[in-house]
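Take a look at the structure below.
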Amino acid sequence: MRLKELLHYTYIFPVLAVGYYFSGLMGGGVFYDVIAGLLLTGSVLSAVHHAEVVAHKVGEPFGTIILALCITIIEVALIISLMVAGGDQAITLARDTVFAAVMIILNGILGICILVGGVKYHEQFFARTSATTYLVSIVSILVLTLVLPNFTSSVNGPFYNEAQLVFISIACLVIYGVFLMVQTVRHRSYFIVPDEHPEAHYIPSLNKTLISFGFLVVCLVIVVLMAKGLSGTIEGMVQSIGAPKSLVGVIIAGVVLLPEGVAAIRAARSNQIQSSLNLALGSALASIGLTIPAVSTVCIVYDIPLVLGLDKKDIILLSLSVFIVMLSLSRGKTNVLYGTVLLVNLAAYIFTVIVP
């Protein structure tokens with residue numbers, strides 16, 4: 001690559017963010033945290049750029065799968081590190097983080113994509129078979145992991161015992177594994193919209209793609225690390241307005257999901273709503289389908305209790321969100337109303353976190 005390309009902001013911001021994080025200046029005051037926030041934002045935008053480079057090279061649906069898996073792996077690493085450090089005080093961390101991520105993706109990212117696309121193009125079309133395939137897998141895993149624990153009787157409370165955790169983990173991996181096989185091999189056509197002008201797209205070289213993939217990983221890692229580093233500042237702000245501590249998890253989940261969210265919204269603005277759906281629903285499926293098995297394994301090994309079952313309020317909000325998403329995607333086309341309703345659902349979720 002030429003030196004001019006390496007001086008692009010998408011290469012400079014991640015390098016500056018890594019240097020700033022390891023300099024120890026974060027947490028030194030409001031000024032230093034503002035700088036950290038700016039570098040974090042630049043790293044998010046850089047991650048989106050590098051993800052698009054990789055996606056152009058490997059094609060759909062592999063490009064969206066790579067971004068979803070990268071973010072999910074880093075999310076899992078963050079949750080596990082906090083749980084091991086927090087011990088019994090972090091028994092609800094995995095549940096709260098996964099639930100927040102799913103609600104933000106289904107209502108926030110998907111809602112903004114549908115609304116933005118609807119405003120600009122009135123209607124956008126996608127393959128109904130892809131939405132159905134995603135939702136069948138997502139709904140099954142959501143019920144098995146976040147609802148069923150409230151109704152088992154082997155142990156008291158919203159817990160699974162060790163045998164149940166093992167079974168549910170295997171079930172999640174089986175569903176996600178078969179879904180990937182369907183998405184990439186057996187029914188790949190479900191997730192691809194034929195390109196009317198394929199010659200208009202620039203295909204990056206292998207060398208540039210490998211460099212972008214490396215910077216993509218760096219961007220995602222530094223976004224999570226800086227979000228974790230800023231969690232103390234965020235927690236202080238939340239406490240200053242008198243909101244519950246659970247709002248911190250929602251904010252951090254939103255920051256971690258920013259790269260996927262920006263990429264999905266940009267795809268919707270470019271009239272590529274199928275790519276937006278692949279990113280949003282694929283991220284939701286990967287987030288819960290991979291996080292729960294990984295966290296369950298760590299909890300079994302370290303003998304950490306794990307609360308998975310949601311309370312009644314959250315079950316209602318989750319059910320409402322899934323039901324509205326299913327109705328919105330049932331016809332294979334979108335409009336502004338669907339996006340608006342989803343965003344109202346997200347507002348209701350965040351409001352009830354602040355005012356339970």
Hydrophobic cluster identity match, [X] and [Y], side-chain contacts under 4.5 Å:
X: V322; Y: L337; answer: yes
X: V143; Y: L306; answer: yes
X: L343; Y: I265; answer: yes
X: L308; Y: Y302; answer: yes
X: F167; Y: L290; answer: yes

Original post:
Take atom NE2 in H122; do more than 12 heavy atoms of anything else shown fall under 6.0 Å from it?
Top reply: no

Subject >> Atom CZ of F159 with >12 non-hydrogen neighbours under 6.0 angstrom >> reply: yes

[atom1] of [X] to [atom2] of [Y]: how many Å apart, nearest 0.5 Å?
X: I114; Y: S328; atom1: CD1; atom2: OG; answer: 5.5 Å
X: F13; Y: L38; atom1: CZ; atom2: CG; answer: 7.5 Å
X: E260; Y: I105; atom1: CD; atom2: CD1; answer: 6.0 Å
X: D311; Y: T92; atom1: CG; atom2: OG1; answer: 11.0 Å
X: N107; Y: N345; atom1: CG; atom2: CG; answer: 5.0 Å
X: K208; Y: L210; atom1: NZ; atom2: CG; answer: 13.0 Å

**OP:** Evaluate the ring planes of F191 and F179, with Trp represented by its six-membered ring, and classify them as parallel (under 30°), tilted (30 to 60°) or perpendicular (over 60°).
**Re:**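 The arrangement is perpendicular - the two ring planes meet at more than 60°.
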
Given side chains that start at C-beta, do those of [X] and [Y] come closer than 4.5 Å, heavy atoms only?
X: L142; Y: V147; answer: no
X: V217; Y: V221; answer: yes
X: T352; Y: K313; answer: yes
X: V136; Y: I175; answer: no
X: Y134; Y: N278; answer: yes
X: S296; Y: I168; answer: no
X: L342; Y: L106; answer: no
X: I138; Y: I288; answer: no

What closest approach, in Å, do [X] and [Y] show between heavy atoms, and which atom pair accounts for it?
X: Y176; Y: L285; result: CD1-CG, 3.6 Å
X: S46; Y: T10; result: OG-CA, 3.3 Å
X: Y121; Y: R269; result: OH-O, 2.7 Å
X: A36; Y: M26; result: CB-CG, 4.0 Å
X: G289; Y: I141; result: CA-CD1, 4.0 Å
X: L206; Y: K57; result: N-NZ, 4.0 Å

**OP:** Check the pair L146 / I315 against side-chain contact (heavy atoms from CB on, under 4.5 Å), numbers first and verdict last.
**Re:** CA-CA 8 Å; L146 299 181; I315 289 177; over 6 Å; no

Determine whether a donor-acceptor pair (N or O, by modelled atom type, separation under 3.5 Å) exists between the side chain of [X] and the backbone of [Y].
X: R128; Y: L329; answer: no
X: S283; Y: L279; answer: yes
X: S287; Y: A284; answer: no
X: Y20; Y: Y32; answer: yes
X: S130; Y: F126; answer: no
X: N150; Y: L310; answer: yes
X: S276; Y: A268; answer: yes

Subject >> Chi angles and distances behind the side-chain contact (heavy atoms from CB on, under 4.5 Å) call for L45, H49 >> reply: CA-CA 6 Å; L45 297 176; H49 168 80; over 6 Å; no

Original post:
Are F99 and Y349 close enough that their ring centers fall under 6.0 Å?
Top reply: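 Here the rings of Y349 and F99 have centres that are less than 6.0 Å from each other.
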
Original post:
Hey, do the aromatic rings of H50 and Y11 have their centres closer than 6.0 Å?
Top reply: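 Here the rings of Y11 and H50 have centres that are less than 6.0 Å from each other.
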
**OP:** List the steps, then state whether side-chain contact (heavy atoms from CB on, under 4.5 Å) holds for L320 with I324.
**Re:** CA-CA 6 Å; L320 174 64; I324 296 301; 3.9 Å; yes

**OP:** Under the side-chain contact (heavy atoms from CB on, under 4.5 Å) rule, what do T129 and H187 come out as? Steps first, then yes or no, please.
**Re:** CA-CA 10 Å; T129 46; H187 299 289; over 6 Å; no

Original post:
Just by distance, with hydrogens left out, do E123 and T334 show a side-chain donor and acceptor under 3.5 Å apart?
Top reply: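 There is no such pair (donor and acceptor under 3.5 Å, judged by atom type) between the side chains of E123 and T334.
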
